[in-house]
Amino acid sequence: NAKWDDLSKRTGAIIRRLQHMSNVSTDFDATRQALLVWLSDIDKRLTTIENKRPKASASILEPLQEELEQNRHRLEYIDKAGAYLIQKGDPLDCVQIQRDVDNFHNRCEDVLAHLNKVQEYLNTPQEEDEEDGSDELALHRHRQTTYGGLKSLQWEDEAASSEGTE
């Protein structure tokens with residue numbers, strides 16, 4: 001009878017761990033998908049701002065930057081949950097989770113680079129010929145520039161690794 005009680009306790013503990021992993025995995029996927037949709041929306045709004053080139057300064061981007069800052073904890077959660085799932089999960093699942101995290105990072109970096117590029121573009125004074133209607137030439141030149149550095153949002157892993165190498 002004691003053996004059955006021990007087996008029941010061990011089985012219960014295993015089931016609780018599996019339920020916890022399942023909950024973390026489900027939350028990870030839902031959060032990642034929601035953030036990818038949100039990042040696409042941010043990117044679309046940046047493109048709209050970029051194409052209209054308002055006469056205003058880069059202050060028009062402040063609401064987007066605030067939105068990014070407000071969601072920083074959710075962005076960082078993807079790293080934490082991904083690391084947890086990789087550490088505790090099945091090796092085959094870990095490969096997919098790592099791909100998902102890497103793809104998410106790439107998308108974040110693309111949007112942040114776009115934000116930096118648009119900010120730089122808006123801070124660049126318009127030339128007289130651009131004011132005469134050749135904004136398309138300026139936009140084309142702007143799109144040809146390379147993305148600036150992405151210091152706005154660093155992942156905790158990158159920050160920790162750079163501290164360790166100094």
Side-chain angles (χ1 to χ4, degrees), residues 23-87 89 93-166:
N23 291 340
V24 171
S25 180
T26 300
D27 191 47
F28 169 79
D29 286 335
T31 302
R32 185 179 55 80
Q33 288 297 329
L35 286 172
L36 286 171
V37 169
W38 173 73
L39 286 168
S40 293
D41 178 59
I42 293 284
D43 199 35
K44 189 187 314 180
R45 289 168 29 195
L46 285 168
T47 300
T48 302
I49 291 169
E50 183 179 34
N51 289 333
K52 291 184 179 180
R53 186 168 185 160
K55 301 286 183 190
S57 69
S59 64
I60 197 166
L61 298 176
E62 287 177 11
L64 293 177
Q65 291 169 325
E66 288 175 13
E67 227 178 293
L68 284 166
E69 188 59 37
Q70 289 171 352
N71 281 305
R72 180 193 243 17
H73 70 281
R74 292 178 69 204
L75 296 168
E76 292 170 350
Y77 168 78
I78 297 299
D79 284 336
K80 291 176 184 175
Y84 176 80
L85 291 170
I86 288 170
Q87 179 185 14
D93 293 338
C94 293
V95 171
Q96 183 59 46
I97 292 167
Q98 186 62 53
R99 268 192 223 125
D100 290 344
V101 170
D102 291 344
N103 289 339
F104 181 79
H105 279 193
N106 290 338
R107 183 67 178 132
C108 285
E109 288 173 2
D110 289 346
V111 171
L112 290 172
H114 193 187
L115 175 65
N116 288 340
K117 187 175 98 170
V118 170
Q119 188 170 26
E120 182 180 303
Y121 178 60
L122 292 176
N123 285 331
T124 304
Q126 287 183 317
E127 298 171 8
E128 285 186 33
D129 63 332
E130 292 173 5
E131 292 174 6
D132 294 336
S134 61
D135 250 356
E136 288 186 32
L137 176 62
L139 183 60
H140 176 71
R141 274 189 251 150
H142 162 65
R143 287 184 175 154
Q144 297 301 316
T145 61
T146 57
Y147 291 128
L150 298 176
K151 301 296 181 199
S152 307
L153 179 67
Q154 277 191 331
W155 303 107
E156 287 183 6
D157 295 340
E158 292 173 358
S161 67
S162 66
E163 290 173 3
T165 57
E166 292 177 1

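In what follows, every heavy atom counts, from backbone to side chain, and hydrogens, waters and symmetry copies are set aside. Just so you know, residue 1 is the first one in the sequence shown, and it goes up from there.
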| F104 and L39: side-chain contact (heavy atoms from CB on, under 4.5 Å), yes or no, with the steps? | CA-CA 10 Å; F104 181 79; L39 286 168; 4.1 Å; yes

| side-chain contact (heavy atoms from CB on, under 4.5 Å) between H114 and I42: does it pass, once the steps are laid out? | CA-CA 10 Å; H114 193 187; I42 293 284; over 6 Å; no

| request: Applying side-chain contact (heavy atoms from CB on, under 4.5 Å), run through W38 and L68 and close with a yes or a no. | output: CA-CA 10 Å; W38 173 73; L68 284 166; 3.4 Å; yes

| task | Begin from the C-alpha positions of Q87 and C94 and carry the test side-chain contact (heavy atoms from CB on, under 4.5 Å) through to its verdict. | result | CA-CA 8 Å; Q87 179 185 14; C94 293; over 6 Å; no

Side-chain donor/acceptor pairs under 3.5 Å, residues 95-102, sequence neighbours excluded:
{"residue": "Q96", "atom": "OE1", "partner": "R99", "partner atom": "NH1", "Å": "3.2"}
{"residue": "Q96", "atom": "NE2", "partner": "D100", "partner atom": "OD1", "Å": "2.9"}
{"residue": "Q98", "atom": "NE2", "partner": "D102", "partner atom": "OD1", "Å": "2.9"}

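V118 is not listed as a side-chain neighbour of T47, based on a closest heavy-atom distance of 4.5 Å or more. Taking 4.5 Å as the limit, some side-chain heavy atom of R107 sits within range of a side-chain heavy atom of D43.
Every residue two or more places apart in sequence or in another chain that forms a salt bridge (Lys or Arg N to Asp or Glu O under 4.0 Å) with D29 is listed here: R32. Applying the salt bridge (Lys or Arg N to Asp or Glu O under 4.0 Å) rule to D93 yields no partners; only residues at least two apart in sequence or on another chain are considered. By the side-chain contact (heavy atoms from CB on, under 4.5 Å) test, N23 is found to be paired with no residue, residues two or more places apart in sequence or in another chain being considered. With sequence neighbours excluded, the residues that form a salt bridge (Lys or Arg N to Asp or Glu O under 4.0 Å) with R45 are D41, E67. Residues that satisfy the ring pair (Phe, Tyr, Trp, His ring centres under 6.0 Å) test with Y84, not counting sequence neighbours, are H20.
Here the closest heavy-atom approach between residue R74 and residue A34 is recorded as NH2-CB, 3.7 Å. Across all their heavy atoms, Y77 and F28 have their closest contact at OH-N, 3.9 Å. Nearest heavy atom pair, residue L46 against residue V111, reads CD1-O, 3.9 Å.
In this structure, T48 OG1 and E50 CD are separated by 9.5 Å, a value rounded to the nearest 0.5 Å. Between N103 atom CG and L36 atom CG the span is 8.5 Å, to the nearest 0.5 Å. For the atom pair Q65 CD and N116 CG, the distance stands at 8.0 Å (nearest 0.5 Å). With rounding to the nearest 0.5 Å, the separation of CD1 in I78 from NE2 in H73 is 11.0 Å. One finds the CG atom of L112 at 11.0 Å from the NE2 atom of H105 (value rounded to the nearest 0.5 Å).
Ionic pairing of E69 and R72 is present here: one or more N-O contacts between side-chain nitrogen and carboxylate oxygen are shorter than 4.0 angstrom.
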